[in-house]
Amino acid sequence: MRLDAVVIGAGHNGLTAAAYLARAGRSVLILERSDHIGGAARSDRVFPAHEARLSAYSYLVSLLPDQIIEELDLDLQLIRRRISSYTPVGDGGILVDNGDPARTAADLGADAQAWDDFYGMTGEIAQKLFPTVTEPLRSREDVRSLVGEEAWRDVFERPLGEAIERRFTSDVVRGIVLTDGLIGTFGRPGDAERLVNRCFLYHVIGRGTGDWDVPVGGMGAVTDGLLRTAQQYGAQLRTSATVTSVSTDGSEAVVRTVDGLEVRAGQVFANLAPTLLDQLLGEAPSRPEPEGAQLKINMLLSRLPALKDASTTPEQAFAGTFHINEGYDQIDAAYAQAAAGRIPDVPPCEVYCHSLSDPSILGPDLVAAGAQTLTLFGLHMPARLFREDPEGARERALELTLASINSVLAEPIEDCLLAPDTIDVRSPLDIEASVGMPGGHIFHGDLQWPFAESDDEVGTWGTETRHANIFLCGSGARRGGAVSGIPGRAAVAAALGEQALS
């Protein structure tokens, strides 16, 4: 079989690349190892006995540019959340309500002005920087000039912790700010590598506003829409097709699968971790082995749990990001324990209720009964903690995380489960086994700055490899990470030229 292009991996970035390639008139075959598409960006009936389709891994959209939605004519509805976050504090809490600035300011107290100033600055970064993510890579100095010296100092140049500690006085508020630098990243706010800074940057620039929006129908609406576009233009898909090797002479590549399929193609687009691409090519690793550091828990509830805070309703608290034991010092203590080889005694974590914004993911009976979904993301749970005893460590992590949740609620979360079997927990090792992310790292490796870090990168797309006809189109590419489609589009631009995208 001879084709113009083979795309390895039918996650959202691979489907984005396939859609652009097919739209440009190329013959395209998508090879997916699983029996379904979507990777970590899909809706799944996590609890088979119940009609609820959860976004089990990725669940919000921020980094997907409108440009990609428009160019690929995606039928996708995104809901802007009014409530950004809620953080329980004793018998009260901090509600960040975009529709009620006075309430937000009152809850933030002495840090209200610092909050407005800081997020005013990150808002300006978002407006200036996000439009560049669909362009060739700019130089470091260009980006520094673009965002300005204050923003460059606080978000890019110095450890994020310095800005947080200088600007905010409350431990709780400091923690709220810090969490955006830790989703998918195992690090401390003062880390010399600026891993936390990079993660934070991606979280505050999305869609030019930093908002994280709800995809109607769940995350599967994104990947299903991308597949429809790709197939509409003629792309072919084979599921249950595990690729075993890729070879190339620079002008033609050969892709082989475990069941004996051999495909010759002019170009290959790899929607998988760079370390896995190295293995397929039979080459030495080009990057360190990834290690994820998060616990994922999915729940189906009969009702939302009661709060200790009488001034806030559960519907308000769970509509945005609900922070649990994510104070600045609590996060640091958890990191220290995890780095020492222990599951944190009080795991910091956060939950979000998709069904409050979008009940379409629930069947009519569940909607009528008032059922709700909860998706939890636990910080500082590196894969190393689960390797010796995967099942025992998973159970221990679940036990401690439930205790952490219950410490901030007025009733045990277990009492609100729809049924005993409507709680699902996944460690980084489970994520690795389920969706093929090495070490369970949700970004396929540490995030990179969204600009060129060397002179030879300036003007490239951040998806090129040492082979002229092989492109990295997944989260491990520069400007990868989260649900964005940016690397998929960039890989096609690198391969065919930017004119092929229009």
Side-chain angles (χ1 to χ4, degrees), residues 62-68 113-168 174 177-185 187-212 287 443 445-464 472 475-482 484-487 489-491 493-494 498:
S62 177
L63 290 163
L64 176 62
D66 285 336
Q67 187 173 353
I68 291 178
Q113 188 60 55
W115 180 278
D116 287 345
D117 292 344
F118 185 69
Y119 284 104
M121 178 190 70
T122 63
E124 290 184 9
I125 295 175
Q127 291 173 16
K128 296 172 181 177
L129 187 60
F130 191 69
T132 73
V133 300
T134 53
E135 302 173 357
L137 290 170
R138 300 192 182 194
S139 70
R140 176 187 293 268
E141 287 308 311
D142 279 350
V143 172
R144 180 174 186 164
S145 176
L146 181 70
V147 303
E149 286 303 313
E150 179 190 21
W152 183 263
R153 179 198 66 206
D154 282 359
V155 178
F156 297 79
E157 187 173 52
R158 299 179 183 175
L160 183 65
E162 289 188 15
I164 292 175
E165 292 172 19
R166 185 178 73 253
R167 288 173 175 265
F168 302 100
R174 287 175 173 180
V177 178
L178 176 61
T179 55
D180 276 339
L182 298 175
I183 301 299
T185 297
R188 270 181 159 156
D191 72 292
E193 296 82 12
R194 309 294 188 269
L195 296 178
V196 174
N197 293 59
R198 292 179 230 165
C199 184
F200 179 82
L201 178 65
Y202 281 90
H203 276 83
V204 299
I205 67 170
R207 301 175 65 77
T209 64
D211 289 295
W212 287 77
R287 302 187 193 181
F443 303 141
D446 292 335
L447 288 169
Q448 299 171 286
W449 293 114
F451 50 76
E453 294 190 70
S454 61
D455 290 344
D456 60 348
E457 273 193 316
V458 176
T460 69
W461 291 90
T463 61
E464 297 86 349
L472 190 65
S475 287
R478 193 173 291 279
R479 299 185 294 199
S484 73
I486 294 168
R489 181 184 185 275
E498 197 168 0

Just verifying a value: how many Å separate [X] [atom1] and [Y] [atom2], rounded to the nearest 0.5 Å?
X	Y	atom1	atom2	result
Leu182	Phe200	CG	CZ	10.5 Å
Ile68	Ser484	CD1	OG	6.5 Å
Thr122	Gln127	OG1	CD	10.0 Å
Arg140	Ser454	CZ	OG	10.0 Å
Thr185	Leu195	OG1	CG	6.5 Å
Arg478	Leu447	CZ	CG	11.0 Å

Please examine the side chains of [Y] and [X], heavy atoms only from C-beta on, and report whether any two atoms are closer than 4.5 Å.
X	Y	answer
Thr209	Phe130	no
Leu129	Leu201	yes
Arg479	Leu137	yes
Ile486	Pro65	yes
Val204	Ile125	no
Val155	Val147	no

Taken in chain and number order and not counting sequence neighbours, the residues that satisfy salt bridge (charged side-chain N to carboxylate O under 4.0 Å, His left out) with Glu464 are none

query = Is the ring centre of Phe168 less than 6.0 Å from the ring centre of Phe118?
reply =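 That pair passes the under 6.0 Å test.
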
Below 30° counts as parallel, above 60° as perpendicular, anything between as tilted: where do the rings of Trp449 and Phe451 land?
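Taking Phe451 first and then Trp449, their aromatic rings lie parallel (interplane angle under 30°).
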
Neighbour count above 12 (heavy atom, 6.0 Å) for Asp455 CG: no

Where is the tightest heavy-atom contact between [X] and [Y], given as atom of each residue plus distance?
X	Y	result
Glu135	Arg138	OE1-NH2, 3.1 Å
Ser62	Trp212	CB-CD2, 3.2 Å
Pro189	Pro159	O-CB, 3.4 Å
Leu146	Lys128	O-CD, 3.2 Å
Ala477	Gly462	CB-O, 3.5 Å
Gly181	Cys199	O-CB, 3.4 Å

Looking at [X] and [Y], would you say the former's side chain and the latter's main chain have a donor-acceptor pair under 3.5 Å?
X	Y	answer
Asn197	Glu157	no
Ser139	Asp142	yes
Tyr202	Gln448	yes

The complete set of salt bridge (charged side-chain N to carboxylate O under 4.0 Å, His left out) pairs with one or both residues in residues 190-210, sequence neighbours excluded, reads Asp66-Arg207, Arg207-Asp213

Here the side chain to side chain donor-acceptor pair (under 3.5 Å) pairs for residues 143-155, sequence neighbours left out, are Arg144-Glu149, Glu150-Arg167, Asp154-Arg166, Asp154-Arg167

